[in-house]
Amino acid sequence: MVDTMNDKWIHACSVQDVPENGGVCVKVADLQIALFHFKRRGEWYATQNECPHRHQMALSRGMIGSQGDEPKVACPFHKKTFSLKTGECLSGDECAIKTYQVRVDDDQVFLSITDDEL
Amino acid sequence: MKIIIVGNGMVGFKLCEKLVAKSTKSLDLIVFGEEMRPAYDRVHLSEFFNGKSAEELQLAPSSWYADKGIELIIGDPILEIDRKAKSVRSYLGRVAYYDYLILATGSAAFVPPIPGIEKAGVFIYRTIEDLVLMQSWAPKAKTGAVIGGGLLGLEAAKAMIDLGVCDTHVIEFAPRLMPRQIDDAGSSLLQGKLESLGLTIHTSKNTQEILGESAISGMQFQDESILPVDMLVISAGIKPRDELARACGLEVGPRGGIVVNQYMQTSDHHILAIGECALYEGMIYGLVAPGYDMAEAAVSTLLGLEKTFQGFDMSTKLKLIGVDVASFGDPFVTGNDAHTIVFEDRNKGIYKRVNISPDGKELLGGILIGDADQYNMLLQTCKNKVVLPPNPEDILLGARGGEHDGGAGVTSLPDEAVICSCEAVSKGDISSHVLEGAATLDDIKKCCKAGTGCGGCVPMVKDIINHTLKAQGIYVRNVICEHFEFSRQELMDLIRLHDLRSYDEVLTVHGQGDGCETCKPLVASILASLWNELILDKGNDTAQDSNDRFLANIQKGGTYSVVPRIPGGEITPDKLIVIGQVAKEFNLYTKITGGQRIDLFGAHLSDLPTIWEQLIAAGFESGHAYGKALRTVKSCVGSTWCRFGLHDSVSFAIQIEERYRGIRAPHKIKGGVSGCIRECSEAQSKDFGIIATEKGWNLHVCGNGGSKPQHALLLASDLDSETCIRYIDRFLMFYIKTADPLTRTATWLNKLEGGMDYLRNVVVNDSLGLGAELETEMQSLVDNYVCEWKAAVENPAFRKRFSHFVNAPEEKDPTVQFDELREQKMAKAWK
């Protein structure tokens, strides 16, 4: 994981705050970030919380899973799915979502956010 | 070769697709479109009002054109063609040169020259922009009208109903609806059906003037009658967009349309025209399938291939405001050339007419209204000149009394039969793809595009796939998703056998990969149906659909609605007051539901536990409105008050609702109890419906309302209360154990081999010897019931999950916004 000059690691929550194989929404200044603990794969992912389809702040409440080997999240509103790795829409739409890097240190979860987003 | 396409509609897009697919050399291809967006699905335009976005209607994203090396220029119409220089000039001053120019300029709405037609509130129905304009006007409109009772006019009328204009009128100049497709008898039946759905139809009406100051206030007709309306949509036909062709001197028809030959060439052989702007043998083809066929012919001309355009069959099937309408072949032929068989059922609103050759061997054409399930079969029979059975009426009515099915079915079709007319895919093409390994509808759509156009052939494509697979001795399995190679029923048996209790265990033991939004809620539902443990426990919360995970129904904007259980619809004044107090305190929108309960909308996620704490303290329980579970048992007031009531339907409804509350199933379950034959609780529209008789209760099962209403069928009569409950136990448990996911009881019964007779044998006569087992299983579900909201608010770990921000649990989602509506709030509209 590359820690660039402009990236800030921002504390999100502790590991226990996030349901296993599920997500929560983290507030970072005015941003809403969906944070997922993919326990089955031993992985963490973070994306924008807004689903680009109907602009609903809901992805953190979506179900996660996989399509082939690609980890994904399904929006609870209309089941549009997005890759957790690349943010690409897997249900054939043109829209994509932003993804963020996650670091877990000593039971604490951190998100990498660039300065210009804050 | 430099090619320019003018027009980026459905046909223009199809031409791009076919050119890219068929061309072996790289093409220099420029597409000009005058609309602000790339080609979209105009056939399904009205779905825009049902929530489909403009993006979803798009046929391909802008990136598709770039990927294929096509330069797409939208929002810039071509103004001029210079045939000498072989160039075009656009509105924004772009000049481009061509070797071949293809005009796919389509058509515009024909607007009759009625005085006042320019007034505000008068619309046409053609593009997404037109729809957006209608959408912003409609909230102000109470009464709407459509000029034109043809195919498009009725589509526009449906759009108006979808927009909330309840009082909608259709004005047709001719003496009947859809004069070009169906006959008098069919029209009159269609009119009756549409009128029963709330439309007002005026035929033989000639509009003389649009009344009103700056905005429309009414319409004046030639017969001097006046209809006050505040919104009008013109849908009186189309006129080909031939103005470019006209201006550069190409030959056009006397009533418009660019004259083309079978190669789609215009009078200048370097310019082709296709789609609704082209006039072939004096005819404009206003449907998408012939347009696609023209695109194919144009590609052949450009690339030196063989296919030409030979005219096109104008057979069509569509659903107009929920009513099937189809016509095929020659629908009107009469006299000595044909014998006509007519089947009419005014009771069910069905009209069918077929025209057969005088020797009774050949199908010439026909009309279907109200039920067009046989359309594909009849169309194929007609097109392929399949010899009719000895009693030709069997093709409409099915064989009665014999063992044959009247020769219908995919097996009887020859390989040449065109199944998908939008993409010109034959039965033989589909079967050979199946033999090469395409085993699902999605596979077929990918490899030959069958079923991707209007979608009307999808059921036949499926039949052909299944039939071809079966003929190969391949067992057609109905598996859940890529993570579980089992049907729901198989997986349920495995989970029971291995006593698994969480989604994660089930996936580890019986599945592969990491799960998905299909298998997660399905397994979670099976676990709940088997064990009835708290659905939020054992890590199963994240395997639930959002509604189950947060025990409430997610609504527009991301807030939730709350529905406390009100068994049988009976509630005390004190409890009503509590609901009112809670709604006031948390600023909730309140509405009475169809199931005799009260829905409280607009609750923030973090308010849900407090709301429920107050409701529970007043004696309420979860209503499971969020789950695939028992919803309500609706009741009429019954013998306690009603002078006709035979038994106490309210008490029985409460007893039953409390028995099955919280039980999860493949889909939602609704019940009803009526105190007499007047059936005020509408029990026959429920999954189980009970109606009082002199001697006891009649039990009806497998009904539902919704998009495809179906009446419940009588399972047993004159039961005492105890037997009635025992039968419902067996019936529900049998359904829960054997139904496919997300299948209501009605659909389940329709697929059940042997139908109602079989079900009655299992439930009443215990033909499988399962009766006692089913009853025991149901009793254990009943015994394990707890109110999940009570469990959730009392457990701090569960309770913590009900917050929007994990790192600021006291804050609410600042993006949630409401509008005002009749002294309450409503969710802000989608963006």
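Chain letters run A, B, ... following the sequence lines, proteins first, then strands; residues in each count from 1. Computation of the quantities below employed the complete heavy-atom set of this structure, encompassing side-chain atoms and omitting hydrogens, waters and symmetry-equivalent molecules. Just so it is clear, the structure is predicted and the values come from calculations on it, not from any experiment.
Heavy atoms of Ile33(A) lying under 4.5 Å from chain B are absent altogether. For chain A, the nearby parts of Asp504(B) are the backbone and the side chain; heavy atoms of each come within less than 4.5 Å. Contacts of Thr508(B) with chain A are made by both backbone and side-chain atoms, with heavy-atom separations under 4.5 Å. Within the 4.5 angstrom heavy-atom criterion, only side-chain atoms of Glu811(B), from C-beta onward, approach chain A. The contact between Glu517(B) and chain A is made by backbone and side chain atoms together, counting heavy-atom distances below 4.5 Å. Only the side chain of Phe550(B) comes within contact range of chain A, judged by heavy atoms closer than 4.5 Å. Residue contact with chain A, scored on non-hydrogen atoms closer than 4.5 Å, involves the backbone of Ala543(B) exclusively.
Considering SG of Cys516(B) and NZ of Lys72(A), their distance stands at 5.0 Å, rounded to 0.5 Å. Residue Phe805(B) holds its CZ atom at 8.0 Å from CG of Asn49(A), rounded to the nearest 0.5 Å. Rounding to the nearest 0.5 Å gives a distance of 11.5 Å between OG1 of Thr815(B) and CG of Asp30(A).
Side chains of Met63(A) and Ser546(B) form no contact here, defined as non-hydrogen atoms less than 4.5 Å apart.
No more than 12 heavy atoms of other residues, nucleotides or ligands sit less than 6.0 Å from atom NZ of Lys39(A). More than 12 heavy atoms of other residues, nucleotides or ligands sit less than 6.0 Å from atom CG of Asp107(A). Within a 6.0 Å sphere centred on NZ of Lys446(B), other residues, nucleotides and ligands contribute 12 heavy atoms or fewer. Heavy atoms from other residues, nucleotides or ligands lying under 6.0 Å from CG of Asp69(A) number 12 at most.
The side-chain hydrogen bond (donor to acceptor under 3.5 Å, both in side chains) check on Gln544(B) picks up nothing, with sequence neighbours excluded. In this view, Tyr560(B) and Arg61(A) satisfy the side-chain hydrogen bond (donor to acceptor under 3.5 Å, both in side chains) rule, not counting sequence neighbours.
Of all non-hydrogen atoms in Pro19(A) and Arg549(B), the two that sit nearest each other are CG-NH2, 3.6 Å. Residues Ala12(A) and Asn807(B) approach most closely at O-CB, 3.3 Å, considering heavy atoms.
Interface check for chain B: of the options Ser66(A), Cys13(A), Ala74(A), Pro76(A), the most heavy-atom pairs under 4.5 Å are formed by Ser66(A). When the candidates Gln32(A), Lys79(A), Glu20(A), Arg41(A) are compared by the number of heavy-atom contacts under 4.5 Å with chain B, Gln32(A) comes out ahead. Most heavy-atom pairs under 4.5 Å with chain B, from the set Val28(A), Val73(A), Leu35(A), Asn21(A): that is Asn21(A). In terms of heavy-atom pairs under 4.5 Å with chain A, the best-connected choice from Gly557(B), Cys519(B), Ser63(B), Ala808(B) is Gly557(B). With chain B as partner, the option from Ser60(A), Gly65(A), Pro71(A), Gly22(A) having the largest number of non-hydrogen pairs under 4.5 angstrom is Gly65(A). Among Asn547(B), Asp545(B), Val816(B), the residue with the largest count of heavy-atom pairs under 4.5 Å with chain A is Asp545(B). Between chain B and the residues Ala58(A), Ser14(A), Cys95(A), Gly23(A), the most heavy-atom pairs under 4.5 angstrom are made by Gly23(A).
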Please determine whether side-chain contact (heavy atoms from CB on, under 4.5 Å) holds for the pair Lys27(A) and His804(B), giving the CA-CA distance in whole Å, both sets of side-chain angles, and the decisive distance to 0.1 Å.
CA-CA 9 Å; Lys27(A) 181 182 159 78; His804(B) 185 68; over 6 Å; no
Report the C-alpha distance between Gln56(A) and Ile554(B) in whole Å, list the side-chain angles of each, state the deciding distance to 0.1 Å, and finish with yes or no for side-chain contact (heavy atoms from CB on, under 4.5 Å).
CA-CA 11 Å; Gln56(A) 301 287 302; Ile554(B) 196 164; over 6 Å; no
Intermediate values then yes/no, side-chain contact (heavy atoms from CB on, under 4.5 Å), Phe38(A) and Asp514(B)
CA-CA 9 Å; Phe38(A) 212 139; Asp514(B) 304 307; 3.5 Å; yes
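We find that Asp17(A) and Lys800(B) are joined by a salt bridge, their nearest charged nitrogen and carboxylate oxygen being less than 4.0 Å apart.
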